[in-house]
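All heavy atoms count here, side chains included; hydrogens, waters and symmetry mates do not. Source: prediction; values computed, not measured.
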Amino acid sequence: KNTEIAASCYLQVAKIQFEKFSKLDDAISTLEQLQKIVPPTSQLRIDGKLLSAEIFTQLGDTSKSSEMYRSIIDEKRILTSQKELASFRLAEILYFNGNFTEATKMLDGLTKILTTDIANDALTLSLFITANQGKEEFVLKKFAAADFLVRQKKYDEAIAAFQNIVKNSPTSELADDAYIHVGTTQNTRKQFDEAIATFQKMITDFPESMQRDVALIHIATIYENGLHQIPKAIETYEKLLEDFPLSLYANEARKRIRTLRGDTL
């Protein structure tokens, strides 16, 4: 009791409660116990606060989670990686809430630290926001709100929100992104047939979209890992290579084809 080992156990229990059983209130209670016994100099104290903030985000209390992330950023005894993660999560909350200017300011600082793991995620989100501000901003706000529903695991509501974007703003540059998010969320729900249909419809409805290869790699992956229909998976990987030979997913598609065929590497 009352040791760093005990604090580490509390952290692992909270992770299991949160990630495996979705018992968010129990996880918060466990993390409160962690904070009572963990030494002030221990990095476990910050890890516990990071997890608590993420749980509050999933609960929809972005005010509480933002407050916690800001307190983490202001900490003196903290690992650089912990501060960067807190900054990125806070930027995500700003994005979810439609505060795009503040979000990009925070993300820009993270993208300049190219040696960190968080830089790529920060760059991806920053570019996405920047590309869709201006005339697309009202759609972007709806998109961010739908993304927040995904983070809260309100999957049915998220799917409906993304579908509404496609329905109400079919000419928006975010419409094909919305299709992709519908499909990936359906896949998360193990609605494999529905997800494949969504991705295929996106390819048909947006013949000029730059994300058709993304849809194909998702379809192939669902055939392989979700439905275990290996011939269909190989066929879809081959179609990706045929239609998009310069795709970022081309090497992965070739690798998966060789593996699924049992070729000697």
Sequence neighbours excluded, which residues qualify as side chain to side chain contact (heavy atoms under 4.5 Å, CB included) partners of [X]?
{"X": "A197", "value": "none"}
{"X": "S169", "value": "F138, V139, S172"}
{"X": "A91", "value": "M106, L107"}
{"X": "L227", "value": "F192, D193, I196, I222, Y223, Q229"}

### Task
Step by step, work out the side chain to side chain contact (heavy atoms under 4.5 Å, CB included) result for V150 and T188.
CA-CA 10 Å; V150 174; T188 299; over 6 Å; no
Cluster question for you: counting only ILVMFWY and a side-chain heavy-atom cut-off of under 4.5 Å, with indirect links fine, are [X] and [Y] together?
{"X": "V38", "Y": "M68", "answer": "yes"}
{"X": "L85", "Y": "L11", "answer": "no"}
{"X": "I28", "Y": "V13", "answer": "no"}
{"X": "L44", "Y": "I37", "answer": "yes"}
{"X": "L90", "Y": "L110", "answer": "yes"}

Kindly give the heavy-atom pair with the smallest separation between [X] and [Y], and that separation in Å.
{"X": "Q186", "Y": "A195", "result": "OE1-CA, 3.3 Å"}
{"X": "A146", "Y": "A158", "result": "O-CB, 3.9 Å"}
{"X": "A7", "Y": "L34", "result": "O-CD1, 3.3 Å"}
{"X": "G98", "Y": "K141", "result": "O-CE, 4.1 Å"}
{"X": "A144", "Y": "F96", "result": "O-CD2, 3.7 Å"}
{"X": "A220", "Y": "A233", "result": "O-CB, 3.7 Å"}

### Query
With a 4.5 Å heavy-atom cut-off, do E136 and L140 have their side chains touching?
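Side chain of E136 against side chain of L140, heavy atoms only: no contact under 4.5 Å found.
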### Query
Are Y249 and T221 close enough that some pair of their side-chain heavy atoms sits under 4.5 Å apart?
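No - every pair of side-chain heavy atoms lies 4.5 Å or more apart.
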Establish, from distance only, whether the side-chain atoms of [X] and [Y] form a donor-acceptor pair under 3.5 Å.
{"X": "Q211", "Y": "D177", "answer": "yes"}
{"X": "Y237", "Y": "E224", "answer": "yes"}
{"X": "D47", "Y": "Q82", "answer": "yes"}

Of all residues at least two apart in sequence or in a different chain, which pass the ring-ring contact (aromatic ring centres under 6.0 Å, His included) check with [X]?
{"X": "F128", "answer": "F143"}
{"X": "F100", "answer": "none"}
{"X": "Y10", "answer": "none"}

Keeping [X] on the side-chain end and [Y] on the backbone end, is there a donor-acceptor pair under 3.5 Å?
{"X": "K83", "Y": "I73", "answer": "yes"}
{"X": "S209", "Y": "F206", "answer": "no"}
{"X": "Q35", "Y": "R45", "answer": "yes"}
{"X": "T198", "Y": "E194", "answer": "yes"}
{"X": "S42", "Y": "P39", "answer": "no"}
{"X": "T130", "Y": "L127", "answer": "no"}
{"X": "S8", "Y": "E4", "answer": "no"}
{"X": "T104", "Y": "T101", "answer": "yes"}
{"X": "D61", "Y": "K64", "answer": "yes"}
{"X": "T184", "Y": "I180", "answer": "yes"}

Approximate separation, where rounding is to 0.5 Å, of [X] [atom1] and [Y] [atom2]:
{"X": "S65", "Y": "L50", "atom1": "OG", "atom2": "CG", "value": "11.5 Å"}
{"X": "T62", "Y": "Q152", "atom1": "OG1", "atom2": "CD", "value": "8.5 Å"}
{"X": "L59", "Y": "D25", "atom1": "CG", "atom2": "CG", "value": "6.5 Å"}
{"X": "I72", "Y": "E84", "atom1": "CD1", "atom2": "CD", "value": "13.5 Å"}
{"X": "I203", "Y": "L216", "atom1": "CD1", "atom2": "CG", "value": "4.0 Å"}
{"X": "L94", "Y": "L125", "atom1": "CG", "atom2": "CG", "value": "10.0 Å"}

With sequence neighbours left out, write down each residue that passes salt bridge (charged side-chain N to carboxylate O under 4.0 Å, His left out) with [X], or none if nothing qualifies.
{"X": "K153", "value": "none"}
{"X": "R70", "value": "none"}
{"X": "K154", "value": "none"}
{"X": "E157", "value": "none"}

### Message
Before you tell me yes or no, could you show the steps for I217 and L240 under side chain to side chain contact (heavy atoms under 4.5 Å, CB included), namely the whole-Å CA-CA distance, both residues' side-chain angles and the distance that decides it to 0.1 Å?
### Response
CA-CA 7 Å; I217 197 72; L240 189 153; 3.9 Å; yes
### Task
Just do the side chain to side chain contact (heavy atoms under 4.5 Å, CB included) check on V166 and M202 with the steps written out, would you?
CA-CA 10 Å; V166 175; M202 177 261 172; over 6 Å; no
### Within the 6.0 Å centroid threshold, strictly below: F199 and Y179
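No, ring centres 6.0 Å or more apart.
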### Message
Determine whether L24 and Q58 satisfy the following criterion, side chain to side chain contact (heavy atoms under 4.5 Å, CB included), listing intermediate values before the conclusion.
### Response
CA-CA 9 Å; L24 308 190; Q58 188 164 313; 3.9 Å; yes
### Query
Are E92 and R151 ion-paired here, with the side-chain N under 4.0 Å from a carboxylate O?
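Yes, E92 and R151 are salt-bridged.
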### Query
So, are R212 and D176 salt-bridged, with charged N and O less than 4.0 Å apart?
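No, R212 and D176 are not salt-bridged.
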### Message
Per the side chain to side chain donor-acceptor pair (under 3.5 Å) rule, what does the pair list look like for residues 11-23, sequence neighbours excluded?
### Response
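Of all non-adjacent pairs touching residues 11-23, those that pass side chain to side chain donor-acceptor pair (under 3.5 Å) are Q17-T30.
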